[in-house]
Amino acid sequence: MTDTTDTAAQVAPTPTFDFAKWEAEQQARNALLDTIRPKNKAAIFAVLAEASIANVTVEFDGYGDSGGIESVHAEADGSEIALPDGSITFLTLRWRETEPTEKTIPLCEAIENMVYELLGQTHAGWENNAGAYGNFVFDVAAETITLEFNMRFEDSEFFEHIF
């Protein structure tokens, strides 16, 4: 029996990446995140205010292609207190989705989701290589979230000596 398979027809196509399409998708995603962020932020601050919390500090750290939230501290009347157990309605946007999904989640999870979303939008890849660390401060009275971000970097100096 003779093999009559056309080997030219079996050559795999060269994959291509449509950077313009990807960039347009990212811009659309960021625009959508910009529209849902105020709703999520208001929901978080409403629960924090109801619990008389003055501020929440979220510390994060990442390097070597991984990272995460290290701690979440709430403060009221100058003392650290536990976050309330309540849940909030939170809008999420999964990767490559074009419409947000409404979920009821614990307050701590909502704060963590907000932190990761803000890190992704302001410093995507913050956990890669030498990484970064810092904290977010949720100021309840001002209804602001401040990011204090520290990027680590590696450096080298070249010296040449001929003797």
Side-chain angles (χ1 to χ4, degrees), residues 15 17-155:
F17 180 75
D18 188 343
F19 184 76
K21 179 182 175 189
W22 178 84
E23 191 171 72
E25 288 173 356
Q26 290 308 300
Q27 288 175 350
R29 176 180 171 75
N30 288 340
L32 186 53
L33 286 169
D34 287 343
T35 65
I36 67 175
R37 184 179 307 115
K39 296 171 189 170
N40 288 338
K41 185 177 161 186
I44 289 170
F45 280 117
V47 174
L48 293 174
E50 187 176 308
S52 299
I53 293 175
N55 63 61
V56 174
T57 302
V58 180
E59 298 175 10
F60 65 91
D61 193 4
Y63 54 89
D65 300 339
S66 65
I69 292 172
E70 299 290 313
S71 65
V72 179
H73 301 281
E75 183 181 307
D77 296 324
S79 299
E80 187 172 337
I81 65 168
L83 284 172
D85 290 330
S87 294
I88 68 168
T89 300
F90 197 81
L91 297 168
T92 62
L93 188 63
R94 292 193 175 118
W95 179 249
R96 302 204 83 155
E97 286 185 350
T98 57
E99 293 296 324
T101 303
E102 192 174 279
K103 293 176 18 177
T104 300
I105 59 176
L107 174 62
C108 189
E109 186 178 333
I111 289 171
E112 290 177 2
N113 284 345
M114 176 72 73
V115 163
Y116 284 124
E117 183 241 307
L118 291 170
L119 273 173
Q121 279 205 284
T122 57
H123 298 281
W126 61 273
E127 73 284 7
N128 292 333
N129 302 318
Y133 66 96
N135 60 55
F136 284 85
V137 178
F138 289 65
D139 183 329
V140 179
E143 293 189 0
T144 59
I145 303 170
T146 302
L147 168 58
E148 298 170 347
F149 187 86
N150 301 282
M151 177 68 79
R152 294 184 187 99
F153 61 92
E154 296 178 19
D155 194 7

Student check: side-chain heavy atoms of [X] and [Y] closer than 4.5 Å:
{"X": "Leu147", "Y": "Thr122", "value": "yes"}
{"X": "Val56", "Y": "Phe136", "value": "no"}
{"X": "Leu107", "Y": "Pro84", "value": "yes"}
{"X": "His73", "Y": "Glu59", "value": "yes"}
{"X": "Ile81", "Y": "Ile53", "value": "yes"}
{"X": "Val137", "Y": "Ile145", "value": "no"}
{"X": "Val72", "Y": "Leu83", "value": "yes"}
{"X": "Asn40", "Y": "Met114", "value": "yes"}

Might you point out which heavy atoms bring [X] and [Y] nearest each other, and give the distance in Å?
{"X": "Leu93", "Y": "Pro100", "value": "CD1-N, 4.0 Å"}
{"X": "Ser87", "Y": "Thr104", "value": "CB-CG2, 3.7 Å"}
{"X": "Thr89", "Y": "Ala43", "value": "O-CB, 3.9 Å"}

For [X], look at atom [atom1] and say whether over 12 heavy atoms of other residues, nucleotides or ligands are found less than 6.0 Å away.
{"X": "Phe153", "atom1": "CZ", "result": "no"}
{"X": "Tyr133", "atom1": "OH", "result": "no"}
{"X": "Glu50", "atom1": "CD", "result": "no"}
{"X": "Asp65", "atom1": "CG", "result": "yes"}

**OP:** Could you pull out all residues at least two apart from Tyr63 that satisfy ring pair (Phe, Tyr, Trp, His ring centres under 6.0 Å)?
**Re:**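 Ring pair (Phe, Tyr, Trp, His ring centres under 6.0 Å) check on Tyr63 returns nothing, list empty.
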Original post:
Quick one: salt bridge (charged side-chain N to carboxylate O under 4.0 Å, His left out) partners of Arg37, sequence neighbours excluded?
Top reply: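 Once residues adjacent in sequence are excluded, the partners of Arg37 under the salt bridge (charged side-chain N to carboxylate O under 4.0 Å, His left out) criterion are Asp34, Glu117.
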**OP:** Under the side chain to side chain donor-acceptor pair (under 3.5 Å) rule, what do Gln121 and Asn30 come out as? Steps first, then yes or no, please.
**Re:** CA-CA 7 Å; Gln121 279 205 284; Asn30 288 340; 3.0 Å; yes
Subject >> Between Trp126 and Phe60, ring centroids under 6.0 Å >> reply: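 Yes, close enough.
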